[in-house]
Amino acid sequence: MITKEQADKLHALAWTIRFRVIEMIGIGKTGHIGGSFSAAEIVSVLYGHQMQHDPQVPDCPTRDRFVMSKGHAALAQYAALAEFGYFPLDELGHLKELGAMLQGHPDLRRTPGVEANTGSLGQGLSIAQGMALGIRLDKRKNRVYCLVGDGEIAEGQIWEAAMSASHYKLDNLTVFVDYNRIQATDHVIKRLNTNPMNSKWEAFGWHVIEVDGHDCSQICQALEEAENQKGKPTAILAHTVKGKGVGFAEDTAAFHNGMMDQEQYQLALDLLAEKKGAFQCKI
Amino acid sequence: MQNLSQRVAYGDMLVEMGKENESIVVLEADLGKSTMSIFFQEQFPDRFFEMGIAEANMISTAAGLSLTGKIPFASSFAVFATGRPYDQIRTSVCIPNLNVKICGSSAGLSDFGDGSTHQSVDDITLMRVLPNMHVFSPVDAIETRKILRAMLEIEGPCYIRVNRNDLPILTEDDQEPYRPGEVRLINKPGDITLIATGVMVSKGLEAAEKLAAEGISLGVYNLSTIKPINKKSLLEALAGSKALITAEEHSVIGGMGSAILETLSGDLNIPVSMIGINDQFGTSGQNYDELLNYYGLTASAIAEAARKLAAK
């Protein structure tokens with residue numbers, strides 16, 4: 001269990017991530033607000049609490065790794081990486097510019113701290129699995145984390161990886177499902193129902209934990225449980241709200257990759273500035 | 001000429017290199033008894049990952065392994081190693097330029113009995129269009145061994161297409177390392193130059209013998225590095241030639257011949273004849289030669305092309 005003080009800091013980091021995402025997207029440009037916001041606490045807990053990582057040595061062989069399989073939510077990861085000093089905060093202002101370090105989807109060759117190239121959905125869990133196999137071959141204790149979307153898991157490759165990760169008993173691999181129930185164009189159950197979620201992962205041989213994906217304490221506790229699981233990988237089903245935290249973007253497909261006007265932008269920034277408070281990234 | 005198997009060479013080399021380099025790991029999609037990756041599995045079970053009939057997962061998993069410093073070799077039949085996981089090769093491997101080696105076994109028409117679904121007429125096209133990818137098409141078992149060693153030296157994605165059947169040995173079993181990009185003369189320079197890859201090189205030699213009796217000289221070159229292609233070496237091979245013939249056991253659309261012509265566009269002022277599969281899928285046959293004949297991948301076809309070019 002983490003203390004209230006730790007939890008408060010992680011929540012402040014999550015709100016900071018959201019604040020940075022809004023800043024990055026700006027006015028009159030499309031950006032993936034919805035899925036970045038639903039994942040903010042998960043990303044916050046991973047970088048702010050769970051993972052062994054060193055921004056000064058991003059490729060340190062003893063680091064834990066995070067693969068953002070739902071690559072369109074890269075903005076949340078970029079914000080966290082910048083807060084931790086993987087690159088200057090100023091880079092966030094150059095998102096998607098020609099030649100920029102921060103691409104529309106994660107690119108490990110360009111962005112320090114990014115571990116895999118994703119964006120074509122469904123591949124990240126397999127990549128994470130390969131890392132977990134390699135780490136185990138080297139007899140290291142490091143762990144690999146992966147975040148997939150509940151829409152993304154319509155991709156068959158996810159279930160190929162789900163089968164092989166349990167076949168290989170990869171207890172150093174944990175996947176989060178960002179269970180926000182909305183994909184690019186509508187509710188997941190209207191596009192292609194990927195439920196039942198819990199029994200499906202369980203049937204594929206995974207240890208399954210369900211949490212409120214916006215509660216950092218619950219996320220931390222689930223991760224502790226995952227670390228103690230032997231002989232099988234863990235899936236943490238994180239119940240989340242797409243666009244969490246900013247009313248106009250909440251629980252709607254409209255801001256999956258939406259565009260803010262001046263008024264929305266200011267509203268979001270003001271709200272998030274207040275929520276993040278005087279956050280300083282020294283967790 | 002002695003005939004030896006490229007796929008046995010593949011399995012043998014995985015073991016040989018695996019003994020020297022502990023970073024080498026092998027992934028397979030339930031065809032290890034055909035691709036011969038089973039040899040590696042027997043020697044190094046802990047470094048062998050059977051991924052089952054799930055090629056997309058296999059390729060992205062190989063990408064992940066490479067990101068922990070391993071050197072993964074992933075094999076399956078060429079159709080299932082390229083077309084099926086194309087997007088995984090593109091996104092997981094080639095965009096980040098990862099050190100993943102892919103072996104497309106039973107390439108071309110060499111799995112003659114299994115028909116169109118199992119015959120790769122498009123793997124060269126698919127692999128060579130990907131930035132960062134290296135593409136190799138060995139002429140024989142010895143060259144297969146040498147190319148695999150060269151692939152290990154390259155820090156980046158590589159694809160090798162391997163024939164299922166025993167093919168004539170046309171290269172020297174010596175200590176000379178493989179030189180990627182080299183367009184290698186197999187007989188002696190002629191008025192007409194044939195640049196061929198894989199099984200078509202030996203067909204070219206047969207054609208050259210026939211043509212010599214008719215007073216037409218055909219220089220036969222082996223091109224086994226299809227990407228990156230070496231323009232200088234191509235131009236040297238063509239110096240003084242009156243015509244060029246390309247020959248490959250692959251679709252003419254986007255294959256080795258296309259690669260040559262793309263490279264030489266603007267520098268080539270001799271007539272060209274391209275031999276390959278003409279916008280068709282494969283089909284079942286009783287034996288390999290029957291299929292090669294059916295698709296016109298023969299010494300006679302090369303000789304006929306040479307006669308026409310000589311008459312121009």
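So you know, we letter chains A, B, ... as the sequences are listed, proteins then strands, and number each from 1. Remember, predicted model here, so these are calculated numbers, not experimental data.
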Exercise. Under 4.5 Å, counting heavy-atom pairs only, tell me which of Gln123(A), His167(A), Gln129(A) racks up the most with chain B.
Key: Gln123(A)
Quiz item: With distance as the sole test, does Ser105(B) use its side chain to make a donor-acceptor pair with the main-chain N or O of Thr35(B) at under 3.5 Å?
Solution: no
Quiz item: Counting only N and O atoms by type, is there a donor-acceptor contact under 3.5 Å from the side chain of Arg20(A) to the main-chain atoms of Ala82(A)?
Solution: no
Quiz item: Do Tyr86(A) and Thr111(A) meet the criterion of a side-chain donor-acceptor pair at a distance under 3.5 Å?
Solution: no
Practice problem: Salt-bridge test for Lys70(A) and Glu152(A): reply yes if a basic N is under 4.0 Å from a carboxylate O, no otherwise. | Solution: no
Practice problem: Go through Ile95(B), Asp87(B), Leu27(B) and name the one with the most non-hydrogen pairs under 4.5 angstrom from chain A. | Solution: Asp87(B)
Quiz item: Looking at Met131(A), Gln157(A), Arg140(A), which makes the most heavy-atom pairs under 4.5 Å with chain B?
Solution: Gln157(A)
Self-check item: Val25(B) portion near chain A, given a 4.5 angstrom heavy-atom threshold
Solution: side chain
Practice problem: Give the intermediate values and the outcome of side chain to side chain contact (heavy atoms under 4.5 Å, CB included) for residues Lys200(A) and Trp159(A). | Solution: CA-CA 10 Å; Lys200(A) 198 173 277 166; Trp159(A) 301 104; 3.7 Å; yes
Quiz item: chain A: which of Lys70(B), Arg90(B), Glu50(B) shares the most heavy-atom pairs with it under 4.5 Å?
Solution: Lys70(B)
Practice problem: Measure up the Phe44(B) and Phe40(B) rings against each other and bin them: parallel (under 30°), tilted (30 to 60°), perpendicular (over 60°). | Solution: tilted
Self-check item: Segment of Ala128(A) engaging chain B (4.5 angstrom heavy-atom cut-off)
Solution: neither
Quiz prompt | Top contributor to chain B contacts, counting heavy-atom pairs under 4.5 Å, from Gly134(A), Ser126(A), Ser164(A) | solution = Ser126(A)
Practice problem: Salt-bridge test for Glu115(A) and Arg63(A): reply yes if a basic N is under 4.0 Å from a carboxylate O, no otherwise. | Solution: yes
Quiz item: Checking Leu133(A) against chain B: side chain, backbone, both or neither under 4.5 Å from a heavy atom?
Solution: both
Self-check item: Between Gly156(A), Ala161(A), Gly130(A), Ala116(A), the one whose heavy-atom pairs under 4.5 Å with chain B are most numerous
Solution: Gly130(A)
Self-check item: Contacting region of Arg65(A) [heavy-atom separation from chain B under 4.5 Å]
Solution: side chain
